[in-house]
Amino acid sequence: MRKPSESDYKRKFCRKCPYPAGRTQKIRKLSGQKNHEIRRIGRTEGQKDGRTEGQKDGRTEEFPEMPESEGQQDLPEISGSSGRRRPEPAKNGKTGQKTSGRFFRCQRRWFITESSWMGFMTLITVPYGSTELSAEIPDRNFLSTILPHSAEESGGSPSEIIRRALENPIGTKRLCEMAGPSDRIALFVNDITRPTPTAVILPFVLEELGKAGVPDENITIYFALGLHRSLTEEECIKITGEEIYRRIRCVQHEVGSYPVRHFGETSRGTPVEIYEDIAENDLLVAVGEIGFHYYAGYSGGAKSILPGVSSKDAVIANHKRMIEKNAVSGRTDSPVRLDLEEAAGMVGLDFILNVVIDSHKNVIAAFAGHYIEAHRAGVEVVDRMYKVKVTPADAVIVSCGGYPKDINLYQTNKALDNAVQAVREGGSVIVVSECRDGIGNDIYDRWNRECRTKEDAVERFSREFEFGGHKAAKTAAAAMRYKIYLVSSLTAEKAEEAFFIPAVSVQAAIDDVLRNDPDTKFSFIPYGGQTLPTQEWEREIQ
């Protein structure tokens, strides 16, 4: 290993490193100065089995002594963090002492940082647009970095997984045993806004119905649009596959354009209404995908009925519950989900086939059968993949994960919705999102301007549902429970209109939180859209 030169000692602290490994070590102090520390940051070139170059058998080799030099300019250069002093030379103009210590290589740079009155510091590197932002938190205030788990291994090819689910339904008979040759079948599929690989799934459902002797003319595919726009023919073909689109009758109902049948009201007062021609079918079968949903808890299952093929009044009544406390990602007891599942039971949803996919949209699991029991089996897989049990923190720093996930404030809300589940009631959330495209939704922007207070937004949403406006209401509801900062390219005025506290940097937001409470414990979530923290372990212990 080469001997480091004087220039190596003078290079600045490297701020392009990955997350801190959390290990700190002291080196001998410079004459007349406080102790200094060095920190190993992440895995580096030349590091194997968790060791850096210079480490062997658990020991760390020391570099040769730092050259003795005259004056301030020859001392190791210290990162210019807010509130920190650089070492000054001794009164005689010299360092007065040779200094040796352990140095670690980080992206081919040597670094040394200064300890402050708060103790050693943890460096965090936060994804922001196409770049990164750095900040430091005192070690005594840093709780954890929260990352998603690695994806589960699939149990075979997609065809094997799906066929096995259909052959072993949960809570019902096989679909081929439930259907008869004269039955009329309604098949519900997701629209283009969902990642469901419908074209992969449908052939196996049609195969099951074929075993029951159901002819193609007795089957209708309904696109579960909810309040979304109608699909183009090209989009319909992409969803179902061209062969099935030409072979099976496909229908999409534009909101308010077709009569509905009323089934009563749920216990929460939501009218249960689906399109009349759907109600005339003998068997209702839903095809979908199970993942996190930011107010229904999870996608899939009964959502194919409400909002999928329900009236506008039914959808609005159900969605108004999205600002209630438990209407968040990863909760099967979300009031929105409980309401829509009750509605599906009243309508008579007979069978579902839902899949779980990875980040590349590959099918890794499938579940068929009862619309609640089979759905919950899929939820368990999703939880194992993406839920992370955490100790609630006093404050959470969350990034969407960089561009394009933080392209605008509308998309940023997904990371905020997840992050609040890692912070105690009344705590702080620091949201880091570039928002290069601004707010991202005209209705959301208008509600931000028109609602002067958080209470105004929540009250308005309770009497006036409008997609886009729901983002303003949910952020306002969160801001009533937490102190929410925003580090972004938005103007301070725009951030304040959206019920955030604007911050010029991540460090400035951290410092503000610590000024209010020096004992604040922070957690860091670098990929907020893909990571769902959960405090369930506390409830299990209690």
Side-chain angles (χ1 to χ4, degrees), residues 188-191 193-196 224-228 255 266-274 286-347 349 352 354-357 367 370-383 385-387 410-411 413-421 461-462 465-471 473-475 477-478 529-530 532-534 536:
F188 307 114
V189 300
N190 291 337
D191 70 2
T193 65
R194 300 292 182 261
T196 312
L225 300 177
L227 299 184
H228 297 175
V255 175
T266 68
S267 59
R268 293 171 174 80
T270 299
V272 181
E273 300 171 335
I274 66 170
V287 171
E289 171 263 344
I290 303 173
F292 292 128
H293 190 278
Y294 68 101
Y295 58 82
Y298 297 87
S299 58
K303 280 185 92 275
S304 293
I305 297 294
L306 175 61
V309 292
S310 295
S311 70
K312 183 176 181 179
D313 289 343
V315 176
I316 290 175
N318 173 259
H319 283 14
K320 280 184 176 180
R321 306 190 179 282
M322 69 170 65
I323 59 173
E324 295 182 20
K325 184 176 179 179
N326 290 341
V328 294
S329 291
R331 294 194 67 139
T332 54
D333 63 348
S334 162
V336 176
R337 171 152 290 280
L338 295 177
D339 190 52
L340 63 86
E341 287 180 340
E342 184 180 350
M346 295 170 65
V347 169
L349 178 58
I352 68 167
N354 281 185
V355 299
V356 177
I357 59 177
F367 302 90
H370 189 270
Y371 69 95
I372 294 179
E373 294 179 40
H375 181 264
R376 297 299 190 267
V379 162
E380 291 180 7
V381 175
V382 173
D383 285 354
M385 289 174 61
Y386 298 113
K387 265 191 178 180
Y410 190 92
Q411 296 299 325
N413 274 264
K414 296 176 182 177
L416 171 61
D417 291 334
N418 288 349
V420 297
Q421 299 194 61
F461 187 75
S462 67
F465 179 86
E466 191 173 17
F467 260 118
H470 73 289
K471 292 284 189 179
K474 278 191 70 70
T475 303
Q530 299 168 263
L532 182 62
T534 175
E536 286 180 354

Mind checking the CD-CG spacing from Glu466 to Leu227? Nearest 0.5 Å is all I need.
12.0 Å
Over 60° means perpendicular and under 30° means parallel, so classify the ring planes of Phe292 and Tyr298, tilted if in between.
tilted
Quick one: pull up CG in Asp383 and OG1 in Thr534 and give me the separation to the nearest 0.5 Å.
7.5 Å
Determine whether Pro335 and Glu324 make a side-chain contact, defined as any pair of heavy atoms from C-beta on separated by less than 4.5 Å.
yes
Contact summary for Pro271 and Ala314, nearest pair of heavy atoms:
O-CB, 3.1 Å
Using the six-membered ring of Tyr294, assess whether NZ or CZ of Lys414 lies under 6.0 Å from its centre and within 45 degrees of the ring axis.
no
What distance separates Arg321 CZ from Leu338 CG, expressed to the nearest 0.5 Å?
10.5 Å
Between CG on residue Leu349 and CG on residue Leu306, distance to nearest 0.5 Å:
11.5 Å
Which atom pair, heavy atoms only, marks the closest approach of Tyr371 to Ala302?
CD1-CB, 4.0 Å
What I want to check is whether the side chains of Thr270 and Asn318 have a donor and an acceptor closer together than 3.5 Å.
no
Is there a side-chain contact between Met322 and Phe461 (heavy atoms, below 4.5 Å)?
yes
Minimum side-chain heavy-atom gap Ile357-Glu289 below 4.5 Å:
yes
Candidate list Leu340, Asp339, Asp333, test side chain to side chain contact (heavy atoms under 4.5 Å, CB included), partner Arg337, passing option
Leu340
Any donor and acceptor pair, going by atom type alone, linking the side chain of His375 with main-chain N or O of Glu373 inside 3.5 Å?
no
Taking all non-hydrogen atoms of both residues, which atom of Lys312 and which atom of Val255 are closest, and how far apart?
CB-CG1, 3.6 Å
Glu342 side chain to Ser267 side chain, donor-acceptor N/O pair below 3.5 angstrom:
yes
Is the closest side-chain donor-acceptor distance between Ser329 and Asp417 under 3.5 Å?
no
Is a donor from one side chain sitting under 3.5 angstrom from an acceptor on the other, for Ser334 and Asn326?
no
Is any side-chain N of the basic residue among Glu341 and Arg376 closer than 4.0 Å to the acidic one's carboxylate O?
yes
Would you indicate whether the side-chain heavy atoms of Ile290 and Val355 approach each other to under 4.5 Å?
no
Identify the two heavy atoms, one from Gly288 and one from Asn190, that lie closest to each other, and give their separation to 0.1 Å.
CA-ND2, 3.8 Å
If I take atom CG from residue Leu225 and atom OG from residue Ser310, how far apart are they, to the nearest 0.5 angstrom?
12.0 Å
Side chains of His319 and Tyr295, donor plus acceptor under 3.5 Å:
yes
For Ser304 and Val287 the tightest heavy-atom approach is OG-O, 4.2 Å
Got a donor-acceptor contact below 3.5 angstrom from the Lys474 side chain to the Ile323 backbone?
no
Distance from Glu273 atom CD to Ile305 atom CD1, nearest 0.5 Å?
13.5 Å
Search all heavy atoms of Ala286 against all heavy atoms of Asn354 and return the closest pair with its distance.
O-ND2, 4.2 Å
Would a 4.5 Å heavy-atom cut-off, applied to side chains only, mark Lys320 and Ser462 as touching?
no
Quick one: does His228's side chain get under 4.5 Å of Arg194's, heavy atoms only?
yes
